[in-house]
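Scroll down for the structure; my scribbles are underneath it.
FYI, side chains are in, hydrogens and waters are out, and symmetry mates aren't considered; it's all heavy atoms of this structure. Below, chain A is the first sequence line, B the second, and so on; all start at residue 1.
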There are 2 protein chains.
Amino acid sequence: MYQNDSGAQAGDPRGGGGSKGARRREEILRATLRLIGERGTDSVTHRAVAEEAGVPLSATTYYFASKEELLEQTFMLAAREETERLERLVLELAPRSLTVGEWAAAVGGQLAGDVASEPAKHVALFELGLEATRRPQLREELQRWQDAHLRLAELGCRSIGSPEPETDALVIVATLTGLMLQQLAGGRTDFAEAVMRPALERLFERLAGGVPANA
Amino acid sequence: MYQNDSGAQAGDPRGGGGSKGARRREEILRATLRLIGERGTDSVTHRAVAEEAGVPLSATTYYFASKEELLEQTFMLAAREETERLERLVLELAPRSLTVGEWAAAVGGQLAGDVASEPAKHVALFELGLEATRRPQLREELQRWQDAHLRLAELGCRSIGSPEPETDALVIVATLTGLMLQQLAGGRTDFAEAVMRPALERLFERLAGGVPANA
DNA sequence: ATCGTTCTGGTACATTCGTGCCACTAGCTG
DNA sequence: CAGCTAGTGGCACGAATGTACCAGAACGAT
């Protein structure tokens, strides 16, 4: 039995990693993610996923005991990847002692770029986040995810000399979440420059202590 | 034919408003909202809605031509009500020239209270917002909704003397959205005091110009 | 080569789904 | 009264769904 053996996935899922079966498993998860983002959670059926992934119907029931499990695992994959990406960004930026304006530009640009280049993935993350509202197991994972975000934001806040890094991290994570949602819902192409950047510049600048971003 | 005649609903839907049929129509919409919030968009089927609303199956197809239309109308009902509620709050607070701390307490308390007392409704709003990502007609309504929020936030910003009310409104709406999402996902009972209030106090205080909230 | 496990791909089935249909009642207009 | 429209409620149908099942391929270990 391969099912329920969720501990076997590759730690490094780039290109050719993982055993043969693990790759197929991941293909299925990615297909699910694409479906959720493009056509909504309703459209996730074993058949639709199988077709999207290019595998026979039974492969989806082989790797995942039920539709519930399929959705859970999809969320965990997406959340893990997203956290890693964010982690890379912050850990790369933090030691450089940037100005607030540079932080805003870097974070905003990266975030808006990510959302714009993979909207389906981010829509799916929100959908799954809401799904987690109702499923205890997903809820736990979601909580871990939120905590990771908070820690990263706190790190950034300390790096710009925030006097209240914990509260500020709370505000920043909430704002970033809200902005991502706005970008997804609004669909404008100039979101990064027209909304995300100015909003973050203003926010970071004020939180840092009132120094104008371009001073 | 009653269908597609979406202009007929009551402007004042308390208790006994609207014609006989309009009340049933609204009952169906509210049942749908409850279902979405408690069991997710997937669980919205004609049969489930009918049972939840206490009407026969055919009533759902009589008042709404399709499942799509049912979801659209549900979103519009929820969005309209939510906007009205927010509008009432801001219009009541704005002329009172409150301090930033009072603003934070009022807005945060109200918002957290609303979310806590009707979590299903707010989950449903987010779900439908995501759905709007894919449906042009819903998207338009969502845009109007966002704009209303922005205008209200801008009004509040001017009332606390923000030097950049437009950008600040952007930040505030995004933050409130993110905080609501956090409250829904986290499920902690002390969210209002432990998270929402301090975050908003800090944010409002900084945006207003750096005066401590309790000064 | 032979065995056991992992994985594959096809098919079958009971259930649930959206929706169309129709006979019927309620309530108003003349 | 008749007649019309809005609204009601039960039922049926074809399509889609989750999932079980099974015969066999692939493949490492002995």
For [Y], is there any backbone N or O sitting under 3.5 Å from a side-chain donor or acceptor partner on [X]?
X       : Y       : value
S159(A) : L155(A) : no
K121(B) : E82(B)  : no
Q183(B) : A112(B) : yes
T177(B) : V173(B) : yes

What is the distance from [atom1] of [X] to [atom2] of [N], rounded to the nearest Å?
X      : N       : atom1 : atom2 : result
F64(B) : dC17(C) : CZ    : P     : 19 Å
E27(B) : dG7(D)  : CD    : P     : 16 Å
R25(B) : dT8(D)  : CZ    : C1'   : 17 Å
R23(A) : dT8(C)  : CZ    : P     : 11 Å
L70(B) : dT19(C) : CG    : P     : 10 Å
K67(A) : dT17(D) : NZ    : C1'   : 8 Å
Y62(A) : dG18(D) : OH    : C1'   : 19 Å

Please evaluate residues E81(A) and R30(A) with respect to the criterion salt bridge (charged side-chain N to carboxylate O under 4.0 Å, His left out), reporting the C-alpha separation (whole Å), side-chain torsions for both, the decisive distance (0.1 Å), and the verdict. CA-CA 12 Å; E81(A) 281 194 1; R30(A) 293 200 185 285; 2.5 Å; yes

Proximity to the side chain of Y63(B) - top-ranked nucleotide from dC7(C), dT8(D), dT19(C):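 Nearest nucleotide to the side chain: dT8(D).
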
What are the two closest non-hydrogen atoms of [X] and [Y], and how far apart are they?
X       : Y       : answer
V195(B) : Q182(B) : CG1-OE1, 4.3 Å
G129(B) : L142(B) : O-CD2, 3.7 Å
T167(B) : R202(A) : CG2-CB, 3.7 Å
S43(A)  : A48(A)  : O-CB, 3.5 Å

Global bending angle along the helix from dA1(C)-dT30(D) to dG30(C)-dC1(D), which compares the axes of five pairs at either end, to 10 degrees: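 About 10° separates the two local helix axes.
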
Test E26(A) against R23(A) for salt bridge (charged side-chain N to carboxylate O under 4.0 Å, His left out), laying out the working first. CA-CA 5 Å; E26(A) 197 184 309; R23(A) 229 174 313 155; over 6 Å; no

Could you check which residues of residues 34-46 of chain A get a heavy atom under 4.0 Å from DNA chain C? Sort them by number, please.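 Those residues: none at all.
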
Could you check E131(A) against R135(A) for salt bridge (charged side-chain N to carboxylate O under 4.0 Å, His left out), going step by step and ending with a plain yes or no? CA-CA 7 Å; E131(A) 195 67 24; R135(A) 289 194 231 247; 2.7 Å; yes

Identify all pairs in which a protein N or O lies below 3.5 Å from an N or O of nucleotides 9-12 of chain C, and state each distance.
{"unit_1": "dG9(C)", "atom_1": "OP2", "unit_2": "R24(A)", "atom_2": "NH1", "d": "3.2"}
{"unit_1": "dG9(C)", "atom_1": "OP2", "unit_2": "R24(A)", "atom_2": "NH2", "d": "2.4"}
{"unit_1": "dG9(C)", "atom_1": "N7", "unit_2": "S58(A)", "atom_2": "OG", "d": "2.3"}
{"unit_1": "dG10(C)", "atom_1": "N7", "unit_2": "S58(A)", "atom_2": "OG", "d": "3.4"}
{"unit_1": "dG10(C)", "atom_1": "O6", "unit_2": "S58(A)", "atom_2": "OG", "d": "3.4"}

